[in-house]
*Asks:* 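First the structure, which I've put down as structure tokens, then a few questions once you've had a look.
Quick caveat: nothing in here was measured; it's all calculated off a predicted structure. Worth knowing before you read on, the calculation uses all heavy atoms, side chains too, and leaves out hydrogens, waters and symmetry mates.
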Protein chains: 2
Amino acid sequence: MNKPETRIQQRNRAAIMSAGLEVFSQFGLRGSTLDQIAEAAGLSKPNLLYYFRSKDAIYTALLEKLLETWLDPLLKLDPQGDPIQEVLGYVRRKLTMSKEYPRESRLFANEILLGAPHIAEHLSKDLRALVTEKAVVIREWEAAGKIAPVDPYHLIFSIWSTTQHYADFDVQVRAVLGGIDPFDDAMKYLDTLFRRMLTPPKA
Amino acid sequence: MNKPETRIQQRNRAAIMSAGLEVFSQFGLRGSTLDQIAEAAGLSKPNLLYYFRSKDAIYTALLEKLLETWLDPLLKLDPQGDPIQEVLGYVRRKLTMSKEYPRESRLFANEILLGAPHIAEHLSKDLRALVTEKAVVIREWEAAGKIAPVDPYHLIFSIWSTTQHYADFDVQVRAVLGGIDPFDDAMKYLDTLFRRMLTPPKA
DNA sequence: CCTCTCTTTGACCAGTTGGTCAAATCACGA
DNA sequence: TCGTGATTTGACCAACTGGTCAAAGAGAGG
């Protein structure tokens, strides 16, 4: 039986997760040190290891918590809503997440890029199940003539990639644009992109 | 004055670059060791350092060589060609590169993700100049009514992100699709996506 | 066959890093 | 106030890693 967490445990675990996010998202798993995380968390290194078994444990805990947050916007895609508005709303939510939670996006991207060794299972279970479910919804919308014909899986991939790009490749985007904040224009562009993609041709 | 390279130098430098690509793209800069690269190259560790000053030097050399290859498809965007075909051709070339050179794509992605500390300058010079130049071309196509109104910078970003996604996030894509090769469907999907985006509305 | 340069390597080193541990300190309910 | 379990830490360690170096080993031209 798990004992309930004390207040101190809650506070310190949260501080460690927060510090871990900050550090891991900047330097990756191998590029980050326990000392860095400890300092960011305001704790000593052995103290970190009192709360988490190992560096990997911090990283894995972070990823798993993150995955939920990451799936949430897709989960909210409502089969009952207006199809195009639902998809565009999803795009908007994802882009907003890139803007407001770039560290989370980068941490996740880094993990996938390196082969997702810590969350491979989650991807082929939870993520796959969720996407498959939503793909069915999109296919129904298409069959009902509410949206133009489209491969639902690749539609979702393209939403992920275009929106997350503004978090993961932020330096590149800003280098190209010369420092201008990209998000307003990105929002307009992506809205147009997916609107044109999905609007059914006039009969 | 630089002396010309001997055959042995050419062979070994090439072997090191190749090994470096293999290893760095799998584990990132910090996650890779000289021993790994040495073994992959079939050389001893001190021998590596006879050809390259440091681990960083191998990595940087790799990135710089890579950047050229990476810019090349965009360079080939022909202002004289048919606008929509030119863009779709660019998309096709980029997706093909993701399929055939995933290691290069991942290495590059990893560098950008971690803040591009080794190539920041290249991004804000070479890359920025090239994109700006092509953005002008796209604006002219738009002004001539050859393509629908579109933000040229974000158009390019969306081409990068959607195509590179299939290399960088390969594990995730395959986890979702259950192992089916994604590239054929991706090609069709992206062709449709950008065709619908760019086809001007009938007057 | 000699020699000069290029190439290769075994042995080594110092700094870093993840992780341990015993002892000290703290928090809180009785 | 006291006792007990939770919390914190200084000191330490073994493994790893990037990098050095002196010396040995090839290769090619004379």
*Asks:* Taking only N and O in the side chain of N47(B), is any of them less than 4.0 Å away from OP1 or OP2 of dT7(C)?
*Replies:*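 The answer is no; no side-chain N or O of N47(B) sits under 4.0 Å from OP1 or OP2.
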*Asks:* Once ring pair (Phe, Tyr, Trp, His ring centres under 6.0 Å) is applied, what residue pairs with a partner in residues 18-58 of chain A remain, sequence neighbours excluded?
*Replies:*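 The answer is F24(A)-Y59(A).
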*Asks:* Strictly under 4.0 angstrom, non-hydrogen atoms only: write out the protein contact profile of nucleotides 19-30 of chain D, one letter per nucleotide from the 5' end, B, S or -.
*Replies:* BBB------S--
*Asks:* Sequence neighbours excluded, which residues qualify as side-chain hydrogen bond (donor to acceptor under 3.5 Å, both in side chains) partners of K188(B)?
*Replies:*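 So K188(B) forms no side-chain hydrogen bond (donor to acceptor under 3.5 Å, both in side chains) with any residue.
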*Asks:* So do M187(B) and T96(B) actually touch side chain to side chain, heavy atoms under 4.5 Å?
*Replies:*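 Result yes, sub-4.5 Å side-chain heavy-atom pair found.
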*Asks:* Would you tell me if any nitrogen or oxygen in the side chain of N12(B) comes within less than 4.0 Å of OP1 or OP2 on dC6(C)?
*Replies:*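 For N12(B), the contact criterion (side-chain N or O under 4.0 Å from OP1 or OP2 of dC6(C)) is not met.
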*Asks:* Classify R11(B) by what it touches in the nucleic acid, base, sugar-phosphate, or nothing, heavy-atom distance under 4.0 Å.
*Replies:*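 Nothing, no heavy atom under 4.0 Å.
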*Asks:* Please state whether the phosphate of dT7(C), meaning OP1 or OP2, lies under 4.0 angstrom from any side-chain nitrogen or oxygen of Y50(B).
*Replies:*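 For dT7(C), OP1/OP2 do have a side-chain N/O of Y50(B) under 4.0 Å.
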*Asks:* Please give, in whole Å, the distance from dG10(C) C1' to D35(B) CG?
*Replies:*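 Distance, rounded to whole Å: 13 Å.
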*Asks:* Specify the separation, in whole Å, of atom CD1 of I16(B) and atom P of dT8(C).
*Replies:*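 Going from CD1 in I16(B) over to P in dT8(C) covers 9 Å.
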*Asks:* Assess whether side chain to side chain contact (heavy atoms under 4.5 Å, CB included) is satisfied between L49(B) and L34(B), documenting all intermediate values.
*Replies:* CA-CA 9 Å; L49(B) 294 163; L34(B) 282 175; 4.2 Å; yes
*Asks:* Phosphate oxygens OP1/OP2 of dC16(D): is one of them under 4.0 Å from a side-chain N or O of R30(A)?
*Replies:*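 Looking at the OP1 and OP2 atoms of dC16(D), neither is under 4.0 Å from any side-chain N or O of R30(A).
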*Asks:* Does a nitrogen or oxygen in the side chain of Q9(A) sit under 4.0 Å from OP1 or OP2 of dT7(D)?
*Replies:*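 Yes, within the criterion.
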*Asks:* Ring-plane angle category for F157(B) and Y166(A), please: parallel below 30°, perpendicular beyond 60°, tilted otherwise.
*Replies:*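 It falls in the perpendicular class, over 60°.
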*Asks:* What are the two closest non-hydrogen atoms of S105(B) and D168(B), and how far apart are they?
*Replies:*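 So the minimum-distance heavy-atom pair works out to OG-OD1, 2.7 Å.
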*Asks:* Quick check for you: to the nearest 0.5 Å, what is the distance between L88(A) atom CG and D82(A) atom CG?
*Replies:*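 Taking CG in L88(A) and CG in D82(A), the distance rounds to 9.0 Å.
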*Asks:* To the nearest angstrom, how far is F52(B) atom CZ from dG18(D) atom P?
*Replies:*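 Between P of dG18(D) and CZ of F52(B): 16 Å.
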*Asks:* Does T6(A) place a side-chain N or O at less than 4.0 Å from the phosphate oxygens OP1/OP2 of dT7(D)?
*Replies:*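 Indeed, a polar side-chain atom of T6(A) lies that close.
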*Asks:* Give Y51(A) one of three labels, base, sugar-phosphate or nothing, depending on what nucleic acid heavy atoms sit under 4.0 Å from its own.
*Replies:*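 Sugar-phosphate, no base atom in range.
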*Asks:* Tell me: CG of L29(A) to P of dT17(C), nearest whole Å?
*Replies:*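 Spelled out: CG on L29(A) to P on dT17(C) is 13 Å.
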*Asks:* Rounded to the nearest angstrom, tell me the gap between atom CD in Q36(A) and atom P in dT17(C).
*Replies:*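 In whole Å, dT17(C) P lies 8 Å from Q36(A) CD.
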